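Notes follow the structure.
What you are looking at is a predicted structure, and each value in this text was computed from that prediction instead of being measured. So you know, we letter chains A, B, ... as the sequences are listed, proteins then strands, and number each from 1.
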There are 6 protein chains.
Amino acid sequence: MNNYEKGLKVREEVIGKSASQAVSESLRDIAPDIDNYTLLTFAEFSERTVLDMKLRELITLTSLLTQGDTAGQLRVHLQGALNVGWSKAEIIESFIQCLPYVGFPRVLNAVSVAKEVFEKQTD
Amino acid sequence: MNNYEKGLKVREEVIGKSASQAVSESLRDIAPDIDNYTLLTFAEFSERTVLDMKLRELITLTSLLTQGDTAGQLRVHLQGALNVGWSKAEIIESFIQCLPYVGFPRVLNAVSVAKEVFEKQTD
Amino acid sequence: MNNYEKGLKVREEVIGKSASQAVSESLRDIAPDIDNYTLLTFAEFSERTVLDMKLRELITLTSLLTQGDTAGQLRVHLQGALNVGWSKAEIIESFIQCLPYVGFPRVLNAVSVAKEVFEKQTD
Amino acid sequence: MNNYEKGLKVREEVIGKSASQAVSESLRDIAPDIDNYTLLTFAEFSERTVLDMKLRELITLTSLLTQGDTAGQLRVHLQGALNVGWSKAEIIESFIQCLPYVGFPRVLNAVSVAKEVFEKQTD
Amino acid sequence: MNNYEKGLKVREEVIGKSASQAVSESLRDIAPDIDNYTLLTFAEFSERTVLDMKLRELITLTSLLTQGDTAGQLRVHLQGALNVGWSKAEIIESFIQCLPYVGFPRVLNAVSVAKEVFEKQTD
Amino acid sequence: MNNYEKGLKVREEVIGKSASQAVSESLRDIAPDIDNYTLLTFAEFSERTVLDMKLRELITLTSLLTQGDTAGQLRVHLQGALNVGWSKAEIIESFIQCLPYVGFPRVLNAVSVAKEVFEKQTD
């Protein structure tokens with residue numbers, strides 16, 4: 001298994017197979033190298049230790065929320081966060097923790113994306 | 001113990017007594033209400049459940065790193081992260097996790113502040 | 001009247017009853033605490049003196065415009081700014097004042113939201 | 001030819017006549033001064049030497065990508081970049097160059113707008 | 001009086017003669033055109049009506065606080081805000097108003113610059 | 001020559017040997033992996049075609065200027081831009097081109113770093 005295949009496997013595990021395919025398809029014609037770079041990143045980071053994948057997804061969500069203009073990526077990683085074991089309540093709580101540091105607008109934007117993602121869940 | 005006293009107690013536990021006093025002193029003459037709002041925030045968030053203080057500090061660090069122009073706050077919460085039980089290696093790893101989402105500059109800035117804070121530690 | 005009721009009263013006065021209800025409804029199931037925090041914030045700030053509510057809404061608009069990715073909040077506070085007595089011309093002028101500090105994109109985004117809000121007005 | 005007429009001529013050359021008209025129309029009723037300021041800026045910058053219009057559009061694209069929440073302006077200047085002679089491959093490559101400095105989300109957002117603009121092209 | 005002279009006059013009135021000279025000196029050798037553009041901007045905006053210079057400086061402060069990494073410009077416009085008639089208490093209050101929209105770090109940064117500027121005042 | 005050695009060679013060519021060593025030294029004890037990632041990035045991007053290294057440095061400068069809070073990285077890549085063949089006048093002109101998109105503060109910050117870097121040059 002080369003690094004691309006390995007990255008694909010990890011990406012599918014984290015964000016789900018259909019989201020992973022959607023990323024590849026959206027980039028295939030216009031910027032396939034960027035898709036490849038995301039795969040190499042997933043491969044590389046899956047071998048890093050010290051923090052597990054669950055904590056990594058929490059960090060990712062927080063960074064995306066804080067950065068702003070990241071609805072597309074938040075959608076993908078909200079699903080990722082659920083997949084690696086965070087509950088909906090924990091995810092929302094992580095957003096609330098950002099409130100004193102980024103203010104209401106960034107947090108409300110993230111909640112709005114979470115609402116959309118959570119409603120598609122059937123647990 | 002009223003909410004201000006409670007917030008002060010929590011703030012001292014998290015970021016340390018001397019950093020807590022430095023915040024109060026820097027705001028005392030010019031904007032004491034802002035100091036009070038930080039105390040009320042610490043009091044309020046210490047009563048929130050779902051995520052513990054250790055995870056909260058990780059989220060805080062990530063949000064500060066991502067936002068940029070937050071060296072002063074990073075300094076305080078890097079100490080806070082150490083105080084609530086994160087190792088230096090885990091903190092640096094959390095910064096590395098942000099790399100694909102924010103790029104090198106934000107991460108290098110945070111590492112630079114961490115270097116300064118870690119060197120003052122004697123463990 | 002407790003602080004939540006007071007905050008609700010102030011929020012309804014500033015952004016209007018239907019926008020206030022929309023905020024509550026959008027957060028009710030997923031993050032009711034965030035709705036409560038906005039109410040407490042409105043209650044708290046309505047008691048602050050030094051600057052009146054009219055100046056506060058101007059500051060809020062400017063901060064939202066500058067931050068970016070705040071269309072939802074701009075929509076609410078553009079209505080708020082009209083409700084507390086700013087004219088459409090004054091609001092647009094406040095956007096133009098930001099031009100040298102943030103450049104065209106942020107200003108054009110805000111104008112685009114203002115256009116949508118102003119067209120719903122019947123004055 | 002006064003400065004407004006000159007700016008209009010330059011703007012039409014760079015972003016195309018229909019996009020230029022769309023800008024004017026969207027601002028006509030609500031903020032005509034902002035349209036005028038964009039015209040004066042185009043007039044002024046077209047007289048600047050040292051860097052040609054082709055390099056200027058590359059810089060503009062990079063700045064818009066990095067800033068975030070600039071889909072509307074990116075749309076206009078992606079067309080502009082094509083008009084002044086950049087190929088689609090060069091534009092995408094300029095986005096990839098930003099990856100280490102801003103991370104995936106900003107780059108993926110810009111690619112998504114580029115996809116939409118490129119598909120309307122018939123070359 | 002041409003536009004540069006007029007802009008210089010307005011800039012000196014707003015931010016003070018010594019700060020105005022410092023801006024010119026810092027840009028003289030490396031980027032005199034940027035100094036000229038600031039003068040033209042001051043000239044242009046001094047002729048705009050609808051909002052007076054006092055409100056303009058409040059908007060400027062808010063935009064700078066929100067944007068981040070603007071300590072240099074905040075220093076200049078804090079002095080400007082005092083010069084056009086805002087009290088220290090009103091300026092701090094305008095910062096506090098930003099708290100729910102941008103969070104503590106941006107506000108604390110601005111307070112820290114204000115402290116430095118206010119201490120140089122002798123009123 | 002492995003990828004780390006290759007990246008080191010490219011990094012030394014672009015930003016200069018002493019700046020390259022300073023990066024490594026600053027990260028050696030605290031976050032050597034980040035240094036390695038920058039080397040891999042330089043190696044990877046040096047093999048990309050479509051845009052040459054000169055254009056890449058221009059894009060990098062623009063992205064850093066726009067992002068804000070990047071003085072450290074700007075310092076390194078201003079030297080890089082000079083090394084790959086941009087003149088001081090062209091670099092300043094690229095900053096001026098950003099003015100309509102990001103406003104004065106970001107541009108003035110970058111000019112201030114450029115001033116410091118240019119004064120160390122002896123051409």
Shortest non-hydrogen separation from [X] to [Y] and the atoms involved:
X	Y	answer
B/I96	A/R48	CD1-NH2, 3.3 Å
A/Y101	B/Q67	O-NE2, 3.0 Å
A/S63	B/V102	OG-CG1, 3.3 Å

Pick one of side chain, backbone, both or neither for [X], based on which atoms fall under 4.5 Å of a heavy atom in chain B.
X	result
A/T49	backbone
A/T41	side chain
A/L58	side chain

Quick check on B/S87 against chain A: is it the side chain, the backbone, both or neither that has a heavy atom closer than 4.5 Å?
neither

When the 4.5 angstrom heavy-atom criterion is applied to B/F45 and chain A, the contacting part is side chain

Evaluate B/W86 against A/L51 for side-chain contact (heavy atoms from CB on, under 4.5 Å), listing each step before the verdict.
CA-CA 11 Å; B/W86 292 104; A/L51 295 179; 4.2 Å; yes

A/K54 atom NZ, over 12 foreign heavy atoms within 6.0 Å:
yes

Counting only heavy atoms not in B/K115, do more than 12 sit closer than 6.0 Å to its NZ atom?
yes

Once you round to the nearest 0.5 Å, how far does SG of A/C98 lie from CZ of B/R56?
10.5 Å

Separation of A/L99 CG from B/E44 CD (nearest 0.5 Å)
10.0 Å

Any B/L55 side-chain heavy atom under 4.5 Å of A/L55 side chain:
yes

Would you sort out whether B/L61 and A/I59 count as a side-chain contact (heavy atoms from CB on, under 4.5 Å), showing the intermediate values?
CA-CA 9 Å; B/L61 281 188; A/I59 292 165; over 6 Å; no

